[in-house]
Amino acid sequence: MEEKVINLFQRSYQLAEIMFLASSTPSSVTFIKADMTGRDVENVLTRWAGGIGVDPEPVMYASWKAYTLLAKGELKGISKTPLPNFIHGCPYAGGLRDQRYITSCSGWQNDKVDLMLAALFMYSLSEEVRFHHAGFSYQSENACINGMKRSLANSNSSPIARHFNQTKRWYVEIETRFSPNGKFWIEHQCLPEDPTISLHWDVATSDPQGLIGYISKQVEIQGKYLRKRPDSPSAKITIVDTDGTEISIMARSNWSEIEDW
């Protein structure tokens with residue numbers, strides 16, 4: 001049983017690793033399974049994901065969130081940081097406890113983004129979630145090309161163009177040992193008519209709407225269900241970071257090759 005839990009934590013950690021690597025946003029994550037008392041550790045994994053950040057504070061906060069819930073979180077059902085009436089607990093969102101399992105994330109200006117990610121990683125402990133791509137939007141084609149060049153520095157492949165209507169989109173393939181598929185992509189799209197700066201992660205899972213519904217319930221923000229199209233996400237949830245960047249998780253039902261689109 002212990003080996004199974006370790007493997008689950010490792011699978012979810014690898015999801016975090018390649019997501020944050022693709023978006024160039026190092027974040028600290030913690031996974032805990034409480035023992036039978038609910039108040040001590042049976043298994044734990046806590047690490048930087050996506051590289052080591054310049055600011056060391058996320059390591060402290062991710063652990064503080066998780067251990068706050070280990071100490072005082074509900075033994076049955078779901079609880080989240082911050083916990084009411086616990087003066088020694090972490091005052092920030094981003095920790096989630098579901099029965100004996102605890103996940104936490106830290107590294108984002110808006111701690112609601114931390115919670116959105118912690119909920120994704122919690123869901124991935126019980127259901128397989130595979131990372132497909134990270135997407136960036138740009139207001140000019142020049143900025144888009146410069147962003148693509150940065151991705152190409154870590155790629156052995158040429159960019160794949162998949163333009164849609166008036167939107168120019170390129171995908172850069174990145175090889176990885178942390179995905180069963182052995183790769184993920186980084187999307188760069190030019191949206192000159194849209195001033196919004198955005199980042200999204202696109203994942204594949206058997207029940208995309210179930211995943212987004214679960215995250216929506218935890219962050220108390222309504223997700224969106226999209227028109228189903230082949231090789232496209234069918235659900236998403238978005239939170240605006242404090243700098244105005246729209247941060248989204250999109251979910252699709254199948255993991256497909258960009259070349260086949």
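The shown structure was predicted, so the numbers you read here are calculated from the model rather than taken from an experiment. Numbering starts at 1 and runs along the sequence shown.
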K.L.:
Counting only N and O atoms by type, is there a donor-acceptor contact under 3.5 Å from the side chain of Ser63 to the main-chain atoms of Met60?
P.N.:
no
K.L.:
Quick one: list whatever passes salt bridge (charged side-chain N to carboxylate O under 4.0 Å, His left out) with Glu246, sequence neighbours left out.
P.N.:
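Applying salt bridge (charged side-chain N to carboxylate O under 4.0 Å, His left out) to Glu246 gives none.
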K.L.:
Return the set of residues passing side chain to side chain donor-acceptor pair (under 3.5 Å) with Arg130 (not counting sequence neighbours), or none when no residue passes.
P.N.:
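Arg130 satisfies side chain to side chain donor-acceptor pair (under 3.5 Å) with Glu128, Asn181 only.
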K.L.:
If you take all heavy atoms of Arg169 and Phe164, which pair is closest and at what distance?
P.N.:
NH2-CB, 3.8 Å
K.L.:
Given side chains that start at C-beta, do those of Gln218 and Ile78 come closer than 4.5 Å, heavy atoms only?
P.N.:
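Answer yes - side chains close enough.
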K.L.:
Any salt bridge (Lys or Arg N to Asp or Glu O under 4.0 Å) pairs touching residues 199-226, not counting sequence neighbours?
P.N.:
Lys80-Glu220, Asp202-Arg252
K.L.:
Could you tell me whether Lys183 and Glu175 have a side-chain N and a carboxylate O separated by less than 4.0 Å?
P.N.:
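No, Lys183 and Glu175 are not salt-bridged.
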K.L.:
Applying ring pair (Phe, Tyr, Trp, His ring centres under 6.0 Å), which residue pairs with at least one partner in residues 228-256 are found, sequence neighbours left out?
P.N.:
His132-Trp255, Trp185-Trp255
K.L.:
I want to check something: taking the side chain as every heavy atom from C-beta on, are Gln10 and Leu45 in contact at a cut-off of under 4.5 Å?
P.N.:
yes
K.L.:
If you compare all heavy atoms of Ser248 against all heavy atoms of Thr238, which two are closest, and at what distance to 0.1 Å?
P.N.:
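Distance-wise, the nearest heavy atoms are OG-OG1, 2.6 Å.
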K.L.:
Only counting residues at least two apart or in another chain, list the ones meeting side chain to side chain donor-acceptor pair (under 3.5 Å) with Trp170.
P.N.:
none
K.L.:
Could you pull out all residues at least two apart from Lys72 that satisfy side chain to side chain donor-acceptor pair (under 3.5 Å)?
P.N.:
none
K.L.:
Quick check against the 3.5 Å criterion: does Asp194 have a side-chain atom that pairs as donor or acceptor with the backbone of Thr196?
P.N.:
yes
K.L.:
If we ignore hydrogens and angles and just use 3.5 Å, is the side chain of Ser157 paired with the main-chain N or O of Glu173 as donor and acceptor?
P.N.:
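Absent.
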K.L.:
Sort out for me which residue in Thr30, Asp111, Asp114 forms a side chain to side chain donor-acceptor pair (under 3.5 Å) with Lys65.
P.N.:
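The residue from Thr30, Asp111, Asp114 that satisfies side chain to side chain donor-acceptor pair (under 3.5 Å) with Lys65 turns out to be Asp114.
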K.L.:
Kindly indicate whether the side chain of Lys236, heavy atoms from C-beta on, has any atom under 4.5 Å from the side chain of His200.
P.N.:
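Result no, sub-4.5 Å side-chain heavy-atom pair not found.
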K.L.:
Under 3.5 Å, is there a donor-acceptor pair between the side chain of Asp241 and the main chain of Gly244?
P.N.:
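Pair absent, no side-chain N/O of Asp241 close to backbone of Gly244.
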K.L.:
Between side-chain atoms of residues 11-26 and protein atoms elsewhere (two or more places apart, or another chain), which donor-acceptor pairs fall under 3.5 Å?
P.N.:
residue: Arg11; atom: NH2; partner: Ser124; partner atom: O; Å: 2.7
residue: Ser12; atom: OG; partner: Leu8; partner atom: O; Å: 3.4
residue: Ser12; atom: OG; partner: Ser124; partner atom: OG; Å: 2.7
residue: Tyr13; atom: OH; partner: Glu17; partner atom: OE1; Å: 3.1
residue: Tyr13; atom: OH; partner: Trp48; partner atom: O; Å: 2.7
residue: Glu17; atom: OE1; partner: Gly50; partner atom: N; Å: 2.9
residue: Ser23; atom: OG; partner: Met19; partner atom: O; Å: 3.1
residue: Ser23; atom: OG; partner: Thr25; partner atom: OG1; Å: 2.6
residue: Ser23; atom: OG; partner: Trp201; partner atom: NE1; Å: 3.3

K.L.:
Would Ile239 end up clustered with Ile212 when hydrophobic side chains under 4.5 Å apart are linked, directly or stepwise?
P.N.:
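Linked within one cluster.
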K.L.:
Under a single-linkage definition using a 4.5 Å side-chain heavy-atom cutoff for Ile, Leu, Val, Met, Phe, Trp and Tyr, are Val240 and Leu191 assigned to the same hydrophobic cluster?
P.N.:
no
K.L.:
Which atom names give the shortest non-hydrogen contact between Gly73 and Ser79, and what distance separates them?
P.N.:
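Nearest heavy atoms, Gly73 then Ser79: CA-OG, 3.6 Å.
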K.L.:
Could you report the tightest heavy-atom contact between Ile237 and Ser216, atom names first, then the distance?
P.N.:
CD1-OG, 3.5 Å
K.L.:
Between Ser137 (side chain) and Ser198 (backbone), is there a donor-acceptor pair under 3.5 Å?
P.N.:
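It does hold such a pair.
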K.L.:
Show the numbers, then the answer: is there a side-chain hydrogen bond (donor to acceptor under 3.5 Å, both in side chains) between Asn110 and Thr242?
P.N.:
CA-CA 6 Å; Asn110 182 349; Thr242 54; over 6 Å; no
K.L.:
Do Tyr171 and Arg162 come within less than 4.5 Å of each other through their side chains, counting heavy atoms only?
P.N.:
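Tyr171 vs Arg162: side chains touch.
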K.L.:
Do Val29 and Thr103 have side-chain heavy atoms sitting under 4.5 Å apart?
P.N.:
no
K.L.:
Hey, does Phe9 have a side-chain heavy atom less than 4.5 Å from the side chain of Leu125?
P.N.:
yes
K.L.:
State which residues pass side chain to side chain donor-acceptor pair (under 3.5 Å) with Tyr92; sequence neighbours excluded, sorted by chain then number.
P.N.:
none
K.L.:
With sequence neighbours excluded, tell me which residues meet salt bridge (charged side-chain N to carboxylate O under 4.0 Å, His left out) with Lys168.
P.N.:
Glu141
K.L.:
Would you check if the side chain of Asp243 reaches a backbone N or O of Thr245 as a donor-acceptor pair within less than 3.5 Å?
P.N.:
yes
K.L.:
Mind checking whether Arg39 and Leu75 have side chains closer than 4.5 Å, heavy atoms only?
P.N.:
yes
K.L.:
Side-chain heavy atoms nearer than 4.5 Å, only ILVMFWY residues, links allowed to pass through others: does that put Tyr61 and Leu117 together?
P.N.:
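Shared cluster, no.
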K.L.:
Taking all heavy atoms of Met116 and all of Ile249, pick out the closest pair and write down the distance.
P.N.:
CG-CD1, 3.6 Å
K.L.:
So does Arg47 have more than 12 non-hydrogen atoms from other groups sitting under 6.0 Å from CZ?
P.N.:
no
K.L.:
Below 3.5 Å, can you tabulate the donor-acceptor pairs from side chains in residues 142-154 to any protein atom, sequence neighbours excluded?
P.N.:
residue: Asn146; atom: ND2; partner: Asn142; partner atom: O; Å: 3.4
residue: Ser151; atom: OG; partner: His188; partner atom: NE2; Å: 2.8

K.L.:
Output the rest of the hydrophobic cluster of Leu83: all Ile, Leu, Val, Met, Phe, Trp and Tyr residues reachable through side-chain heavy-atom contacts under 4.5 Å, sorted by chain and number.
P.N.:
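In the cluster with Leu83 are Ile32, Val41, Val44, Tyr67, Leu69, Leu70, Phe86, Ile102.
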K.L.:
Linking Ile, Leu, Val, Met, Phe, Trp and Tyr by side-chain heavy atoms under 4.5 Å, what else ends up with Met36?
P.N.:
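Members besides Met36: none; it forms no cluster.
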K.L.:
What heavy-atom pair brings Ala62 and Cys105 nearest, and what distance separates the two atoms?
P.N.:
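Nearest pair, atom of Ala62 first, then Cys105: CB-C, 4.5 Å.
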